Amino acid sequence: MKKTLFLASLCLATPGWAIELSPASLSAETPLVVQQPDRGLSAPAANSKTPQVKLLNPGVEPRQQLRLKPAIDVKETTVMTVKMDMEISASGRSSPVAKSPVSVMTFETKVTKIDPNGDIHYEFAYTNADITGDTGNTPPAARDAMRSTLKSMVGMKGSFIMDNRGFHKGGNFIVPQGADNNLKQMVGQMSKSIEQLTSPLPAEAVGKGAKWRVSSSSNFGMNVNDISTYELASWQDGVASLNVSIEQQANPQNITSPQLPPGTTLTLKSFASQGRGSTTMRLDRLMPFRSTGSVSSNSEMSAKNAGSSEELTITTKMVMEMTFESK
């Protein structure tokens, strides 16, 4: 409903992962876990389209409009845990399943203002981020890079606005003084990730059993089409339980990423992703009380190094599991 588990997992959970293919000497950090679309309403970003919400079934009586109504100064602490396994094959040479370390990120939100039209102003800050538990078969260099990326998020703060249906309306993280270009770029990506935390609610009144579909598209290095279907499983005393399913698809295209080595070209041949989950939330809070979900994806790419005629075909299978817990 308001903070969908899958959207959050796809846009916040994965700062990027490294592919190291030998003997081709191709090394790239490529976000194959597709980040979700911007939720722009008043001023959508240039690389996004405003999501379209279609009510499929209004559910049973009694029905009511679902609107976010948090109180001013409401502060929440959310812990997001992400586990990801990946299997990569390069030109038919399979590698062992990569079991990444578990990522744990903690962030805080605080409502600072409610406009007469219901728009919600809030602050967002990362307070902790690290990897934990068994590091599996992750190479030490990749593990250290993952930890460093997560740690660099700690202390990042920003202010944002969304309307009472969950459409993002503006805001950005503050760029620290003296930040280098890499950090500035990451701050920009994080701002987009915050925009994607919400999924818009239907305009119509709904009751138990209601279903609605959110269709959107985005471009974060590659164009992705997304269809999310929500079902209101229960609604009582201001507490809602939602089931959600997601399908993503991307057509063949060139992938752009500043993290690719100079001269390296990466072409997407196919991408498909499916996921399911559930969330329990209150309309008087910004974050879900608890959300769980899993998503699996399959992709195929071709990669070519600068000055080389050799083309590698890379296939990737990924499974991600995540949880949200707020208090």
Side-chain angles (χ1 to χ4, degrees), residues 4-21 28-38 48 51 80-92 94-103 136-138 142 146 189 192-193 196-197 199 213-230 243-257 259-260 266-279 291-303 312-324:
T4 96
L5 54 151
F6 284 114
L7 302 187
S9 72
L10 295 176
C11 67
L12 285 180
T14 310
W17 48 268
I19 305 173
E20 296 182 1
L21 299 175
E29 249 183 63
T30 309
L32 291 188
V33 182
V34 179
Q35 301 188 57
Q36 293 296 309
D38 289 342
S48 68
M80 182 169 65
T81 304
V82 181
K83 178 183 178 182
M84 184 171 64
D85 295 338
M86 236 177 344
E87 181 179 355
I88 301 174
S89 174
S91 294
S94 298
S95 62
V97 175
K99 295 184 178 296
S100 300
V102 176
S103 301
N137 55 359
T138 305
M146 184 178 180
Q189 292 172 344
K192 290 183 175 64
S193 294
Q196 301 144 13
L197 267 178
S199 183
R213 181 173 62 220
V214 180
S215 302
S216 54
S217 62
S218 64
N219 186 330
F220 284 87
M222 68 179 185
N223 296 306
V224 179
N225 299 314
D226 171 86
I227 297 178
S228 306
T229 304
Y230 300 87
N243 296 323
V244 57
S245 63
I246 286 181
E247 295 182 6
Q248 290 179 294
Q249 178 270 337
N251 294 323
Q253 59 192 281
N254 291 328
I255 295 177
T256 59
S257 171
Q259 297 170 324
L260 288 174
L266 204 58
T267 302
L268 181 73
K269 294 184 177 180
S270 65
F271 174 86
S273 180
Q274 301 83 34
R276 286 188 172 276
S278 61
T279 184
S291 294
T292 61
S294 64
V295 62
S296 61
S297 67
N298 293 274
S299 65
E300 181 176 337
M301 301 182 299
S302 63
L312 291 178
T313 298
I314 306 167
T315 59
T316 305
K317 297 180 180 179
M318 187 206 71
V319 176
M320 176 188 287
E321 299 176 354
M322 63 83 62
T323 61
F324 255 67

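All values reported here derive from a predicted model rather than from experimental measurement.
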Before giving the answer on side chain to side chain contact (heavy atoms under 4.5 Å, CB included), spell out for Ser103 and Met84 the whole-Å C-alpha distance, their side-chain angles and the decisive distance to 0.1 Å.
CA-CA 9 Å; Ser103 301; Met84 184 171 64; over 6 Å; no
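- Atoms OG1 and CD1, from Thr267 and Ile255 in turn, are 7.5 Å apart once rounded to the nearest 0.5 Å.
- Using a 4.5 Å cut-off on side-chain heavy atoms (C-beta onward), Asn251 and Asn223 make no contact.
- Between Val244 and Thr279, every side-chain heavy-atom pair lies at or beyond the 4.5 Å cut-off.
- Going from atom CZ of Phe324 over to atom OG1 of Thr292 covers 12.0 Å, rounded to the nearest 0.5 Å.
- Under the 4.5 Å side-chain criterion, counting only non-hydrogen atoms from C-beta, Tyr230 is in contact with Val214.
- Residues Glu321 and Ser294 come closest through the heavy atom pair CG-CB, 4.1 Å.
- If you take CD on Gln274 and CD1 on Ile227, they are separated by 12.0 Å, rounding to the nearest 0.5 Å.
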Passes side chain to side chain donor-acceptor pair (under 3.5 Å), Glu300 versus Asn298? Steps please. CA-CA 7 Å; Glu300 181 176 337; Asn298 293 274; over 6 Å; no
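- Between Ser273 and Ser297, the side chains place no donor N or O within less than 3.5 Å of an acceptor N or O (distance only, hydrogens not considered).
- Note that CG of Asp226 and OG of Ser217 are 9.0 Å apart. Values are rounded to the nearest 0.5 Å.
- Between the CE atom of Met222 and the CG atom of Asn254 there is a distance of 12.5 Å, given to the nearest 0.5 Å.
- Here the NZ-CD distance, from Lys269 to Gln253, works out to 14.0 Å after rounding to the nearest 0.5 Å.
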